[in-house]
Participant: 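Can you keep this structure in mind? I'll have questions shortly.
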Number of protein chains: 2
Amino acid sequence: MFVKTNIMKDTALIIMAGGVGSRFWPASRENLPKQFMDITGSGKSLIRLTYERFVNMGIKPEHVWVVTHKNYVKLTQEHLPEISLDRILGEPMRRNTAPAALLGSLAVHKTIGDKPIVMAPADHFIANTEVFEDVITQGIRFVSGHDSILTIGIKPEYAHTGYGYIHYDEQSRLPHNVYRFTEKPDKISAQKFVDEGNYLWNAGIFLWRPRVIEESYKTHAETMYGLMSGSLPWSGGVPKASRLEEVYDLLENISIDYQIIENADNVFTIPADFGWSDVGSWRSLYDLASKDENENAVLSGKALLEDSRGNFIRTKEKLVIAKGLENYMIIEENDVLVICPVKDDQEIKKWRQEVINNISGDYE
Amino acid sequence: MFVKTNIMKDTALIIMAGGVGSRFWPASRENLPKQFMDITGSGKSLIRLTYERFVNMGIKPEHVWVVTHKNYVKLTQEHLPEISLDRILGEPMRRNTAPAALLGSLAVHKTIGDKPIVMAPADHFIANTEVFEDVITQGIRFVSGHDSILTIGIKPEYAHTGYGYIHYDEQSRLPHNVYRFTEKPDKISAQKFVDEGNYLWNAGIFLWRPRVIEESYKTHAETMYGLMSGSLPWSGGVPKASRLEEVYDLLENISIDYQIIENADNVFTIPADFGWSDVGSWRSLYDLASKDENENAVLSGKALLEDSRGNFIRTKEKLVIAKGLENYMIIEENDVLVICPVKDDQEIKKWRQEVINNISGDYE
């Protein structure tokens, strides 16, 4: 414990919270980005859960930065009141993750020096926080002593074409050497990767030291690095807001995966299994949630289930008593209750529109 | 309309509200008799709905009496604040309907004279109030001009052994002559009655004038009549409360059906179909409720149903969105939500006990 705490005390966290508001109705009523929503029904937003997950493992609140769109700075403050405004970096326009990661790393570097950084998306779900903590601790230890980029890899469940695939050397010692990183492959390649076995999904959680990642940008994104580090005036760890828009206007719109990770030769990975989901849908939450002996998952709320299998329950106020339900999801939020087969969760968007169009009341 | 209103202006209503608290969980949390519960989700209790049903057809609030157990007098006042305490007759002990009907009729007689009376249970559900109003109006007209007892008959759906059966002369003009009245027959008799056709269920709604029913009691319940009319001191239309217990202690515990209706020879009936239920269960409410083309009944609340048939929805706050549900009931009340096959509604009692025993919180 002593060693872990010491490492964490010197570690910085960058929460990537720039995602656009995808809708998760009925849990969201406005155009709220997912990271600010209480998807899990825990009473906390995903960004709050992300923040607490890291602070609970010893990262100091004053070592936490958030990179988000400027429109969400206020919302971020509300969800993370512990973070001073200086460390909530509001991007003037969307330029994907390559600029955001560099902006955050430069801010950390200029504020507390070349300390290890863990960078994590604000809107992912982690089921097993103990395993997660172990993996992150191991990773921080590694990047503290190596000039390497570390990415956390998830064993792929199927040939998802929306993720990055990490081809790694299973025989190497941990963290494993990465042969190659392929962002968003086509279906055939994705299937090949899954079949071959020594591929992992990139969870979007990166670890590095500022000096190391800056070297990578100098090599693989020279213009971007020049603009962010040279043209942009910084006052301590805070970029000058009035010039940020000018600089962002000139930046390429590209993800860190394409720009840096695919090209860098110092990428390592730790395969991990901590129940990860990027929370694309209600169903993805069910897949992750812990289940009883009848495959029922009660994510939040209380339930008495009889002759019921494979159901997903996420309520806020209600005790649910159900009989004879198989593979249904029961989602309660505000004044809406959805009861439908888990496999039909993608229809929620359609129902939302029907309700807004046809039923009196404020359901938007 | 003129004629109807005139008749109703002179008509008295006796609401029979002495029923013991059967439980209708989760709509009831305490040992509340059904008549005081908002079973239909309309925002009104059954006794309130009963009261309004008659007042809306022209009966004056000051012509409404309630006979109930003395423990429910306060509750009755809360639900029917229009009724003065003088007209809420609190029985000191349970003696079934024969004494209650006589007590109410004597009170009416002593207060406003020999006016037509309609006597109705507080805890029944009537789906079609227009048809109901027509039948009652017809009945009031009849008992105003005839020294008869009139009962409203419901076409039996099956051989229920808990009701009274009215054997009537189909060929006679309306109201029909009643050959015989049989309270709570055995299964074989009940089936025979249903098969023969010219039998009706007694809905427990009686019409008469005080003078007529008192004559019946004199003939068929001489002791009871003597105690209630002779021994019991009345001050105007109000029985002396201090003596009521003494008198009730001496009364037989018997229903008006056994005591009077089975024996009287001046009983007539009007067969009616106004969607009647004595609300024995959630299922009985579903059977009565109006349904859409897919046999879905939304008793209260709002619903968007897809690929769903035969469901019964009774919510209070929630908009229900359901897909792929067949023959389920969805009951929401306070912080409990029940989703189960309609046919399993009798299991609610068991679940209630399980919840109270095993789940923390106040669900009793």
Participant: I'd like to verify something: which residue of A303(A), G324(A), S308(A), G361(A) has the highest number of heavy-atom pairs under 4.5 Å with chain B?
Facilitator: G324(A)
Participant: How long is the span from the CD1 atom in I331(A) to the CD1 atom in I321(B), to the nearest 0.5 Å?
Facilitator: 11.0 Å
Participant: As an exercise, state the distance from CD1 of I313(B) to CD1 of I339(A), rounded to the nearest 0.5 Å.
Facilitator: 7.0 Å
Participant: Restricting to non-hydrogen atoms, name the atom on E306(B) and the atom on W351(A) that form the minimum distance, rounded to 0.1 Å.
Facilitator: OE1-NE1, 2.6 Å
Participant: Is the CG atom of D273(A) crowded by more than 12 outside heavy atoms at less than 6.0 Å?
Facilitator: no
Participant: Tell me every residue that passes side chain to side chain contact (heavy atoms under 4.5 Å, CB included) with S42(A), counting only those two or more places apart in sequence or in another chain.
Facilitator: D38(A), T40(A), K44(A), L49(A)
Participant: Working to the nearest 0.5 angstrom, can you tell me the gap between K323(B) NZ and M329(A) CE?
Facilitator: 11.0 Å
Participant: Any idea which of E354(B), E332(B), K302(B), K318(B) has the most non-hydrogen atom pairs under 4.5 angstrom with chain A?
Facilitator: K318(B)
Participant: Relative to chain A, which segment of K350(B) carries a heavy atom at a distance below 4.5 Å: side chain, backbone, both, or neither?
Facilitator: side chain
Participant: Calculate, to the nearest 0.5 Å, the distance between atoms CG and CD1 belonging to L319(A) and I359(B) respectively.
Facilitator: 4.5 Å
Participant: Given a strict heavy-atom distance threshold of 4.5 Å, which part of S360(A) is in contact with chain B: side chain, backbone, both, or neither?
Facilitator: both
Participant: Who passes side chain to side chain contact (heavy atoms under 4.5 Å, CB included) against H79(A), sequence neighbours left out?
Facilitator: F36(A), S45(A), I47(A), L75(A)
Participant: Quick one, N358(B) and L304(A) - any side-chain contact, counting heavy atoms below 4.5 Å?
Facilitator: no
